[in-house]
Amino acid sequence: MSSSLLIRNGIVIDPSQSLEAKRDLLIRDGRVVEIAESISANNAEVFDASGLIVAPGFIDLHVHLREPGFEYKETIESGARAAIAGGFTSVCCMPNTKPINDNSSVTSFIVEQARKAALANVFPIGAITQGSKGEQLAEIGEMKSAGIVAISDDGKPVLDSGIMRRAMEYAAHFGLPVVDHCEDCCGASGWAMHEGEYSALMGLKGLPGAAEDLHVARDILLGEMTGAHIHIAHISTARSVDMVRQAKTRGLNVTCEVTPHHFVLSDKDVYQSSYNTNFKMAPPLRSQSDVEAILEGLRNGTIDAIATDHAPHHANEKMYEFDKSPNGITGLETAVSLTLDRLVHRGVISLTRMVELLTTNPAKLFKLDRGTLQVGAIADVTIFDPEKQITIDATKSHSKSRNTPFDGWELRGAPVATIVGGKIVWK
Amino acid sequence: MPLHRKDLLGIADLSVEEINLILDTAVTFRDINTRQIKKVPTLRGKTVINLFFEASTRTRTSFEIAAKRLSADAVNISASTSSVVKGETLVDTALNLQAMAPDAIVIRHSSSGAPHQIAKIVKAGVINAGDGAHEHPTQALLDALTIRHAKGRLAGLKVAIIGDVLHSRVARSNAHLLTKLGAHVVLAGPRTLMPFGLEKLIPPGNGSIRFAENVDEAITDADVVMMLRIQMERQSGGFFPSLREYSIHFGLNKRRLALAKPDAIVLHPGPINRGVEIDSDVADGASSLILDQVENGVAVRMAVLYLLAGGE
């Protein structure tokens, strides 16, 4: 028995085929079978996308789903539900679970939990080193066989250059990108925010921008030496963006992602929040000049992807003192609206560039069989309304956690429906 | 006339009028502290909780005496006896205290912003008795009272603040208060302990604020020299090589004090490290008003409690 879905009258934006036009899209048995100006299909379920944008399903390269080990914060099921509610059809989950995803049995468990949830695609990211301790390489080859799409010791930067060099060489052998959390501590362990005027004023220990820059510089050099694909996670400083731009000019395989909070908020917002722990994350919210450099990087193509770094924490964990609260905020359900409101509607980027940042590029970077609506492609589709007015309400989140600094924000633009493998999983 | 605010969290958001109101009120309470019967019924029936998450003798005792001289019921809670050791969150601690209906909660905490977080939750007035490296408003107020008493004014004075400014809530609160009242604040100490950038976010008011090249330059022609306590653990933190070297290059001795105006006064929030940031002959010398500061502390805290909790 075949099931068909016809999405009619929408504006299809698909940079993978340089398409931005009013088109009908026919999906059958989980695949795109036809794109044309007008399609009529008997027996197909019809979705009227008049006034809406139809894009390849959005892909979030950077989430924390917390399972196994921290199910009180999030599960693969609840995280995947937050993903589809936020317009994401695929998420790549970081390995800092308990146990850490540093071997194929944990990878297989994640893949199986995602299959059972049957909501979004979940692509695991394996650890670089055993236990993410930065000492001995994890079984990267075996994890790849089990389904990982990249490696990272996210949250635990690999400080030993020798280990990082071997990790890059080894990852290159398996064609896996090295996702790089860049934070050379600069003697700032225990930091609570960006080091600058506002940390000075608030009496909080700061992490200087140079802590990221040092690590980015080192890994660009190591990447050049090893030929590995270096993907800088959650880039946050002007100088790091500049170094990535230069590396690209030199033809190196260096890419980067940015989170919505790093292009929307700055350390001044931490100050204005008066020690609200939902403004604490790693890397910290940087200075306004860093934010401006990031906006320019989004505009000029230096930045390849928008990723959320969705980092759920249970309510009680954010009820501690600012410097004692854990880093991280949720992001899956706010990213698309923030991108539309702050980037598209303010003229920073076009809708096509937005789609590129949220699906075409991420698919390419992690070599995912996604990010396109070409005939024959797996039918992951995100339908969004660039004009829909919404108010973010943390209490209505599908995540198990509520730790967002954007609660109560009024934004223009929002996802409307999410289709995974030809099936409408959320609308 | 009460203060039209629920909390006293810092000097940063106080107006010049509010600061002067507190100082003027403190002057009247200072007289009470010299009487034989040092008690007035002003806050009878009010409950003040002193919640100290961090060790303190001077400030806690000062607040307790202030509350008792105003006839309030003062309850002291220290971190070692509270539920904090059992892992209770800050929010839960605050909610539980709120349930006991205090009129004011005095908080000392090693984390910057903890009183602000609590103030958002509780109905009681929150008085910051020192939060991390952020603010210590009553210390700045008692310093101002001491300076005003000695010099007759604050406007136009040069005040050198010397030492570990980076970790000092006393320095931050004083920087806010002194500039608001028109003094010229000059900060100095080892560069490892200077929070550069601070001067850009403190409005100069009628005064000014800047970092000096070195301690001698900061002290030269100063009307007030305020020394900050150096915490012993900063040495192991790599901020300076040894207490010996610190004392030589950044401590206050007679030679350095001679660079200041002849009638300059010396302040220190205490407890002092004799021979480290301040030599004994300076600490005990004629210029030193260190014990006056302690005395004024009680009056300032009575004023703050009265203005916040005794409004009606």
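All values below come from the heavy atoms of this structure, side chains included, with hydrogens, waters and symmetry mates left out. Small disclaimer: the values here were computed from a predicted structure and weren't measured. Order of the sequence lines fixes the chain letters, A, B, ..., with proteins taken first and strands second; residue numbering starts at 1 for each chain.
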Are [X] and [Y] close enough that a side-chain donor and a side-chain acceptor fall under 3.5 Å?
X: A:Thr129; Y: A:Asp153; value: yes
X: A:Thr330; Y: A:Asn403; value: no
X: B:His134; Y: B:Asn128; value: no

Practice task
Let me see the working for A:His262 and A:Asp309 under side chain to side chain donor-acceptor pair (under 3.5 Å), right down to the final yes or no.
Solution key: CA-CA 11 Å; A:His262 286 109; A:Asp309 195 4; over 6 Å; no
Exercise for the section: Could you tell me which residues in residues 197-212 of chain B have at least one non-hydrogen atom under 4.5 Å from a non-hydrogen atom of chain A, sorted by residue number? Expected result: B:Gly197, B:Leu198, B:Lys200, B:Leu201, B:Ile202
Completion exercise
Under a 4.5 Å heavy-atom criterion, the part of residues 173-193 of chain B in contact with chain A comprises B:His176
Practice task
Among the options A:Glu197, A:Glu195, A:Met202, pick out the one with the most heavy-atom pairs lying under 4.5 Å from chain B.
Solution key: A:Glu197
Handout entry: Shortest non-hydrogen contact between A:Ala85 and A:His398, atoms and distance
Key = CB-ND1, 3.4 Å
Completion exercise
Cut-off 4.5 Å, heavy atoms of chain B, and the answer for A:Tyr271 is neither
Closer than 3.5 angstrom, by distance alone: can the side chain of [X] be matched with the main-chain N or O of [Y] as a donor-acceptor pair?
X: A:Ser325; Y: A:Tyr320; result: yes
X: B:Gln139; Y: B:Val170; result: no
X: B:Gln98; Y: B:Lys123; result: yes

Practice task
Between chain A and each of B:Gly113, B:Ser168, B:Pro195, count heavy-atom pairs under 4.5 Å; write down the option with the most.
Solution key: B:Gly113
Practice task
Flag the pair B:His167 / B:Phe239 as yes when their ring centroid distance falls below 6.0 Å, and as no otherwise.
Solution key: yes
Exercise for the section: Apply side chain to side chain donor-acceptor pair (under 3.5 Å) to the pair B:Thr89 and A:Asn316, showing each step before the final yes or no. Expected result: CA-CA 7 Å; B:Thr89 69; A:Asn316 67 348; over 6 Å; no
Practice task
Go through A:Glu74 and A:Ser399 one step at a time and tell me if the side chain to side chain donor-acceptor pair (under 3.5 Å) criterion holds.
Solution key: CA-CA 7 Å; A:Glu74 195 81 287; A:Ser399 166; 2.8 Å; yes
